[in-house]
Amino acid sequence: GQQVMQIPQYQHVQEGEDFTTYCNSSTTLSNIQWYKQRPGGHPVFLIQLVKSGEVKKQKRLTFQFGEAKKNSSLHITATQTTDVGTYFCAGRLSSNTGKLIFGQGTTLQVKP
Amino acid sequence: DAEITQSPRHKITETGRQVTLACHQTWNHNNMFWYRQDLGHGLRLIHYSYGVQDTNKGEVSDGYSVSRSNTEDLPLTLESAASSQTSVYFCASSPGGLGGYNEQFFGPGTRLTVL
C-alpha cells in the first residue's frame with residue numbers, strides 16, 4: 001500500500017544546532033501536513049503544504065514540499081529545548097479524501 | 001470551548017475481553033478518525049468516518065469496530081482484546097465533508113494495556 005517514510009527516526013542535537021527531518025512518499029501527494037507531539041502529549045497541527053515546490057516558514061521552522069509532491073522536509077534553525085518532541089509528516093493522497101498517511105515520526109532530543 | 005475528549009485515559013484489560021474506547025468532540029466536525037500509536041510505526045489509521053452512519057476501515061482495522069450514530073461520538077470497540085492491541089489510541093476529528101484541506105484535531109489519547 002501507499003507509504004510515507006520519514007527519516008531519521010531519532011535525532012539528538014546540542015541546543016543551538018540545526019535539525020532537519022525528511023519525508024518521502026511512494027506516490028504523489030495532494031498535500032502534506034506536519035504535526036508535533038510533545039512527550040506524553042498528543043499530535044498538534046503545525047502547517048499544511050499544498051503547492052509543488054512550496055516553502056513556508058514559522059519563526060525558526062522552515063517547511064518545504066518537493067517539486068514532484070512526493071517529498072517534504074522540516075528544518076529547525078538554532079534548536080531550543082522547547083523544540084523537543086516527535087515531528088510527524090502526514091500526506092493526503094487526493095483532495096477527495098480526509099485520510100492522512102502518517103510517517104513514522106522523528107523524535108528530537110535537545111541537549112541544553 | 002470546543003474540544004475533543006477520550007475516555008478512559010488509561011485502561012488495563014485481559015485477553016479476550018471486549019473493550020470500548022470513547023471519543024467525543026464538540027466542534028460538530030463531520031470527519032472522525034481512530035489511530036493507534038506504537039514505537040517505530042507512527043500513527044496508523046484504524047477506522048474513520050465522514051459522517052453519521054458512515055464508517056470505513058483503515059490500514060489496521062482487524063479486531064476493531066466503530067459505529068457513528070451521531071456527529072459528536074465515534075466509539076472504538078475491541079471485540080476480543082489481544083496483547084498485540086496494547087497501544088496508545090488517539091481519536092481525531094476534522095471539519096468539512098469528504099476530503100478538504102483541513103487539519104486534524106487530536107484527543108489526549110487512551111493508553112490500553114491487554115494482559
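Letters A, B, ... are given to chains in the order of the sequence lines, protein chains preceding strands, and every chain is numbered from 1. Every value quoted in this text rests on a predicted model; they were computed, and no experiment measured them.
The residue from A/Lys56, A/Lys51, A/Lys57 that alone fulfils the salt bridge (charged side-chain N to carboxylate O under 4.0 Å, His left out) condition with A/Glu54 is A/Lys56.
Contacts from residues 5-24 of chain A to chain B, taken as heavy-atom pairs separated by less than 4.5 Å, involve A/Gln9, A/Tyr10 in sequence order.
Within the 4.5 angstrom heavy-atom criterion, only side-chain atoms of B/Gln37, from C-beta onward, approach chain A. B/Leu45 touches chain A through its side chain: at least one heavy atom from C-beta onward sits under 4.5 Å away, while N, CA, C and O do not. Proximity to chain A is limited to the side chain of B/Tyr35, based on heavy atoms less than 4.5 angstrom apart. For A/Leu100, the parts lying near chain B are the backbone and the side chain together; criterion is any non-hydrogen pair under 4.5 Å.
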TODO: Any chance you could lay out the side-chain hydrogen bond (donor to acceptor under 3.5 Å, both in side chains) test for A/Tyr35 and A/Gln37, step after step, and finish with the verdict?
DONE: CA-CA 7 Å; A/Tyr35 291 78; A/Gln37 183 179 22; over 6 Å; no
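Aromatic ring centres of B/Tyr50 and B/Tyr48: separated by under 6.0 Å.
When the side-chain hydrogen bond (donor to acceptor under 3.5 Å, both in side chains) test is applied to B/Trp34, no partner is found at least two apart in sequence or on another chain.
Closest approach of B/Ser93 and B/Ile4 over heavy atoms only: N-CD1, 3.9 Å.
Pairs of residues two or more places apart, or lying in two chains, that qualify as salt bridge (Lys or Arg N to Asp or Glu O under 4.0 Å) and include a residue from residues 36-48 of chain B are B/Arg36-B/Asp38, B/Asp38-B/Arg44.
In summary, the side chains of B/Asn31 and B/Ser94 do present a donor paired with an acceptor at a separation below 3.5 Å, with no hydrogens or angles considered.
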Enumerate, atom names and distances included, each donor-acceptor pair closer than 3.5 Å involving a side-chain atom of residues 71-78 of chain B, sequence neighbours excluded.
residue, atom, partner, partner atom, Å
B/Asp73, OD1, B/His24, ND1, 2.8
B/Asp73, OD2, B/Asn70, ND2, 3.3
B/Thr77, OG1, B/Thr20, OG1, 3.1

